[in-house]
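Below is one structure, written out as structure tokens; the observations come after it.
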Amino acid sequence: MQAVVYRTARHLEVEARAARPPGPGELSIAVAYTGICGTDLHIYHGDMDARVGAPAVIGHEMSGRVADVGPGVDGWSVGQAVTVMPTRSCGRCVACRRGSSHVCHGMDFLGIDSPGAMQSYWTVPAELALPLPEGVPLDHAALVEPVAVAVHDVRRAKVTPADQVVVVGAGPVGVLIATVAQLHGARVLLVEPDPFRRAVAGEIGFAVVDPQVTDPVAVVNEWTDGAGADIAFEVSGSAGGVATAVDVLTTHGRLVMVAIHAQPRTVDLHRFFWRELELLGARLYRRDDMVEAIRLVAAGDIPARALISRVMPFASVDAAFAALENGDGVLKVLLDWQAAAR
């Protein structure tokens, strides 16, 4: 089989490896597509070398079909469409014991802590696999994992039809959060400086503000008759994005921190005091979030075609990462593994 192997910062290799047959309780999956996300870019840049043990097979957004079933595994058949929830909790830490295994203190995140989906055959614990309805395009199904992120974040924020929601950052996750929030009945406004991302979000049907031209706070005040937004999702990962997300909120507004900030940010705590704001962290997802994400993708409620900018053969992985790194008119790039499995 073929695999993309992370060696060191900005150094990926495609190499031939022997496929590992499934052991007891495992499935082998013929990978169809893998998505490249911001975490993969962090790995590519060398920012996660303390956690990722090179050489490492990375990637965790995927779709495929069951290729082989290990001993003791029931309910699966060869050829069945599948995706994987790439988070394996320890079951022992305080978070797991309190029913919050999605924030497990000893999490094994497949594609980071253990081998991931950027390989033509991926052997995983069967307990992490989820069936896909037949007929769902497998390229669209590769978005299930980031859709689950959006589902979890919107649930964490307790979005209702009465809410006016601002999403700061119109990358793939930002657009997905906006989509899921709108499906919950909320009115949504996006803030995004990049013209390509604004164009895609606009084509999907969202109102988008360019913060380099127009003050988002003024727009939100006009949009809400001076009240401010009920909920803001910070998805940009920037200091300016944090400030905007805080400044647009109404009294008792909720700020949901989605982006990973690699360094401390200055936050206007006086505004938190003055308006009695709430700050919520949102990390990963639960299994029921993945199940709901599958339902949304299968129902066609997710603008998958608009979000998938390019589908590239796995052998072009360097070009795929370069396109994302450079912001080269792309949102989501998928690697196609189907030729390798033939």
Side-chain angles (χ1 to χ4, degrees), residues 34-43 47-48 50-52 56 58-63 82-118 122 124-125 127-130 132 141-159 167-169 171-181 184 231 233-237 245 254-262 278-297 302 307 332:
T34 53
I36 305 173
C37 74
T39 299
D40 298 319
L41 274 177
H42 284 304
I43 294 172
D47 298 335
M48 298 179 66
R51 181 174 175 186
V52 178
I58 63 174
H60 56 273
E61 300 178 6
M62 62 78 64
S63 63
V82 64
T83 189
V84 171
M85 179 173 170
T87 56
R88 193 177 194 185
S89 56
C90 72
R92 301 180 302 275
C93 70
V94 63
C96 289
R97 295 198 307 270
R98 291 178 176 179
S100 296
S101 59
H102 67 295
V103 288
C104 170
H105 296 181
M107 179 75 73
D108 173 13
F109 198 115
L110 280 63
I112 301 175
D113 305 306
S114 55
M118 289 190 188
W122 190 26
V124 300
E127 66 191 34
L128 302 183
L130 293 99
L132 297 170
L143 298 184
V144 163
E145 194 268 356
V147 174
V149 170
V151 169
H152 180 76
D153 295 350
V154 169
R155 287 174 166 175
R156 181 96 168 100
K158 299 180 181 178
V159 173
V167 180
V168 182
V173 172
V175 172
L176 289 172
I177 288 172
T179 300
V180 176
H184 277 64
I231 302 167
F233 292 90
E234 204 306 286
V235 200
S236 74
R254 300 187 292 283
L255 169 59
V256 184
M257 190 58 61
V258 179
I260 299 173
H261 290 263
E278 297 180 55
L279 173 60
L280 301 170
R283 177 187 167 203
L284 296 176
Y285 34 74
R286 301 174 186 269
R287 190 176 182 90
D288 62 340
D289 298 322
M290 288 285 290
V291 171
E292 173 66 1
I294 291 171
R295 187 191 71 79
L296 293 176
V297 172
I302 300 300
L307 291 175
K332 179 60 69 176

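One is the number of the first residue; the rest follow in order along the sequence.
Summarising the geometry, atom CG belonging to D289 is positioned 8.0 Å from atom CE belonging to M85; distances are rounded to the nearest 0.5 Å. I231 contributes atom CD1, which lies 11.5 Å from atom CG of D153 (distance to the nearest 0.5 angstrom). From I36, atom CD1 reaches atom CD1 of I43 across 11.5 Å, with rounding to the nearest 0.5 Å. With values rounded to the nearest 0.5 angstrom, H105 atom NE2 is found 11.5 Å from S89 atom OG.
Between T39 and F109, every side-chain heavy-atom pair lies at or beyond the 4.5 Å cut-off. Annotation: side chain of E234 is in contact with side chain of L255 (closest heavy-atom distance under 4.5 Å). Using a 4.5 Å heavy-atom threshold, the side chains of V149 and L176 count as separate. Side-chain contact check for D40 versus M118: some heavy-atom pair is nearer than 4.5 Å. Put simply, the side chain of M290 reaches to within 4.5 Å of the side chain of V144, judged on heavy atoms. Within the 4.5 Å cutoff, the side chain of R286 has no heavy atoms near those of the R155 side chain.
Considering all non-hydrogen atoms of both residues, W122 and P115 come closest at NE1-O, 3.1 Å. What you find for A95 and V103 is that their closest heavy atoms are CB-O, 3.5 Å. Closest heavy-atom contact between E127 and R287: O-NH1, 2.9 Å. Between A142 and P146, the shortest heavy-atom contact is O-CD, 4.2 Å. What you find for L280 and A157 is that their closest heavy atoms are CD1-CA, 4.3 Å. The two residues L130 and V84 have their closest heavy-atom pair at CD1-C, 4.4 Å.
Using a distance-only test at 3.5 Å, with no hydrogens or angles considered, no donor-acceptor pair links the side chain of R88 to the main chain of D108. Between the side chain of R156 and the backbone N or O of G281, at least one donor-acceptor pair lies under 3.5 Å. Side-chain atoms of T83 do not come within 3.5 Å of backbone N or O of S63 as any donor-acceptor pair.
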Assess the residue pair R295 and E292 against the criterion (side-chain contact (heavy atoms from CB on, under 4.5 Å)); give the C-alpha distance rounded to whole Å, side-chain angles, the decisive distance to 0.1 Å, and a yes or no. CA-CA 5 Å; R295 187 191 71 79; E292 173 66 1; 2.8 Å; yes
Given side-chain contact (heavy atoms from CB on, under 4.5 Å), test C37 with H60 step by step and report yes or no. CA-CA 9 Å; C37 74; H60 56 273; 3.3 Å; yes
side-chain contact (heavy atoms from CB on, under 4.5 Å) for I112 and M107? Distances and angles first, verdict last. CA-CA 10 Å; I112 301 175; M107 179 75 73; over 6 Å; no
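Heavy-atom contacts from other residues, nucleotides or ligands closer than 6.0 Å to CZ of R92 number 12 or fewer.
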